[in-house]
Amino acid sequence: MATKTYIQAITDGLDQVLSDDDKTLIFGEDVGKNGGVFRTTQGLQDKYGEDRVFDTPLAESGILGLAMGLAATGWRPLPEIQFMGFTFEAIDSIAGQMARTRFRFGGTKNMPITIRTPFGGGTHTAEMHSDNLENFFTGVPGLRVVTASNPYDAKGLTIAAVENNDPVLIMENLKLYRSMKAEVPDDKYTVALDTAKVVREGTDITVVAYSAEVNEALKVADKLAKENISVEVIDLVSLSPIDTETIFKSIEKTHHVVVVQEAQRMAGVGATVVSDIAENRIMSLDAPIGRVAAPDSVYPFALAEDDWIPDAEDIEAKVRDILTY
């Protein structure tokens, strides 16, 4: 057990899967000698060689096309898309091809591809570098989408994704890369790809969130606890599929709920969670379902980013609103 940053935990997970299986390969833009733009793969090429960890041209469609060819011939590729905004260049590879393979071949062929990509605001990056594009991918049948809110889950999800036979999109939060530390086991472990986590027990209201917004929700829970308001916080972890049973169980206890996402409000993960609650547990609620999300606008330039991204203050206001409805 050691204290690791979010990004160090991911590197540990990548090191583990490369060590476990000779059929795993990491490739993408600058992931070799440079160790990636954020140094996520730093040292792995030196350890495993240029045949296992290697650079590609600046062509996302080529990176994921290569991944499909490798997966079809027995490899377990781990392509990196340098920023989530660059997935636009490879939408067909993800949604039109690899996600459909099992269906297309009647369950006889798989695409064990793990796509890693950074996303999320709070670091004031250039345009197309922080976009929250999970809304594009969670509606793609056959594709798993996961994201970690802490270093422990970051390592465990990485290992679990590579060992899974489905294509998995792992969204790695830019803000958390070096801003968050936690105790992470040195040994191998996995975190379930399709199970939400109750990260804080509570009795008065449930807050459902994912990625960096989980930590914002925990700040609110800490603050409101001083007023004897008990907030239960659920980390979705898996954005597709969504573990609705964990959410429903919590709502049956608290009878109030707020759903939080950093992405734009329209057609988001939060909207799916809200509709599932409304369809299945509306009679368990004592107030309307609260929602916190970013405005329905293009992701802003860096100077406006802090005003655009939902934070603890926004979550607290919505929690108080729902509790006093």
Side-chain angles (χ1 to χ4, degrees), residues 4-99 101 109-119 125 128-129 137 143-144 146 148 154-174 177-178 188:
K4 300 278 187 178
T5 63
Y6 188 96
I7 200 166
Q8 287 171 334
I10 294 168
T11 305
D12 281 0
L14 296 173
D15 189 2
Q16 182 71 57
V17 297
L18 287 170
S19 174
D20 285 350
D21 188 351
D22 291 341
K23 289 293 186 179
T24 53
L25 303 171
I26 294 176
F27 50 93
E29 297 160 8
D30 300 321
V31 302
K33 182 178 180 180
N34 289 340
V37 66
F38 297 105
R39 306 299 182 259
T40 323
T41 55
Q42 191 167 32
L44 296 180
Q45 187 180 80
D46 290 339
K47 186 173 182 178
Y48 295 98
E50 295 182 10
D51 291 337
R52 301 280 308 283
V53 181
F54 55 90
D55 293 333
T56 65
L58 303 181
E60 285 73 23
S61 57
I63 292 170
L64 294 190
L66 172 63
M68 286 189 292
L70 288 166
T73 53
W75 299 87
R76 302 187 84 84
L78 287 80
E80 178 185 293
I81 301 299
Q82 198 168 68
F83 291 94
M84 196 171 193
F86 303 168
T87 56
F88 285 125
E89 310 300 325
I91 286 286
D92 181 59
S93 293
I94 300 171
Q97 304 302 324
M98 67 178 69
T101 296
K109 292 186 181 297
N110 299 311
M111 281 278 128
I113 301 169
T114 300
I115 306 167
R116 297 177 38 256
T117 189
F119 83 110
T125 60
M128 301 291 289
H129 287 62
F137 296 108
L143 178 70
R144 293 178 179 268
V146 298
K155 177 178 177 178
L157 281 175
T158 299
I159 297 170
V162 175
E163 293 183 345
N164 190 273
N165 284 327
D166 293 325
V168 182
L169 176 64
I170 301 181
M171 298 165 49
E172 299 172 357
N173 192 279
L174 275 168
Y177 265 161
R178 287 184 169 83
K188 178 181 178 179

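Because the structure is predicted, anything quoted here is derived from the model rather than measured.
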Within this structure, what is the CG-OG1 distance for the pair Asn164 and Thr114, rounded to the nearest 0.5 Å? 7.5 Å
Nearest 0.5 Å, what's the CD1-CG distance between Ile113 and Leu143? 10.0 Å
Give, for atom CG of Leu44 and atom CZ of Phe54, the distance between the pair rounded to the nearest 0.5 Å. 13.5 Å
Within this structure, what is the CE-CD distance for the pair Met111 and Gln97, rounded to the nearest 0.5 Å? 9.5 Å
Can you tell me how far the CD1 atom of Ile81 sits from the CD atom of Glu89, to the nearest 0.5 Å? 9.5 Å
From CD (Gln42) to CD (Gln8), nearest 0.5 Å: 10.0 Å
Is the backbone of Ala148 close enough, under 3.5 Å, to the side chain of Tyr6 for a donor and an acceptor to pair up by distance? yes
Could you walk me through whether Met98 and Ile115 pass side-chain contact (heavy atoms from CB on, under 4.5 Å), step by step? CA-CA 11 Å; Met98 67 178 69; Ile115 306 167; 3.8 Å; yes
Side-chain heavy-atom pair Val53, Leu18 within 4.5 angstrom cut-off: yes
Would you mind writing out the side-chain donor-acceptor pairs for residues 24-34 within the sub-3.5 Å range, not counting sequence neighbours?
| residue | atom | partner | partner atom | Å |
| --- | --- | --- | --- | --- |
| Thr24 | OG1 | Val17 | O | 3.2 |
| Thr24 | OG1 | Asp21 | O | 2.6 |
| Thr24 | OG1 | Arg52 | NH2 | 3.0 |

Donor-acceptor under 3.5 Å (Arg144 side chain, Ile170 main chain): no
Is a side-chain N or O of Asn110 found less than 3.5 angstrom from the main chain of Pro112, in a donor-acceptor match? no
Measure across Gly13 and Thr158 and return the closest heavy-atom pair with its distance rounded to 0.1 Å. C-CG2, 4.1 Å
On a heavy-atom basis, which atom in Leu64 and which in Pro79 lie closest, and how many Å separate them? CD2-CG, 3.6 Å
Tightest non-hydrogen contact, residues Ile10 and Tyr177, listed as CD1-CE2, 3.9 Å
Would a distance-only check, ignoring hydrogens and angles, find a side-chain to backbone donor-acceptor pair under 3.5 Å from Ser61 to Ala90? no
Are the side chain of Glu80 and the backbone N or O of Arg116 linked by a donor-acceptor pair below 3.5 Å? no
Is it true that the side chains of Asn165 and Arg76 contain a donor and an acceptor less than 3.5 Å apart? yes
Go through the steps to decide whether Arg178 and Ile7 satisfy the test side-chain contact (heavy atoms from CB on, under 4.5 Å), and finish with yes or no. CA-CA 6 Å; Arg178 287 184 169 83; Ile7 200 166; 3.8 Å; yes
Would Phe119 and Asn173 count as a side-chain contact (heavy atoms from CB on, under 4.5 Å) if you check the C-alpha gap in whole Å, the side-chain angles of each, and the deciding distance to 0.1 Å? CA-CA 5 Å; Phe119 83 110; Asn173 192 279; 3.8 Å; yes
List the steps and the verdict of side-chain contact (heavy atoms from CB on, under 4.5 Å) for Thr117 and Phe86. CA-CA 9 Å; Thr117 189; Phe86 303 168; over 6 Å; no
Side chains of Phe88 and Met128: does their closest heavy-atom pair fall under 4.5 Å? yes
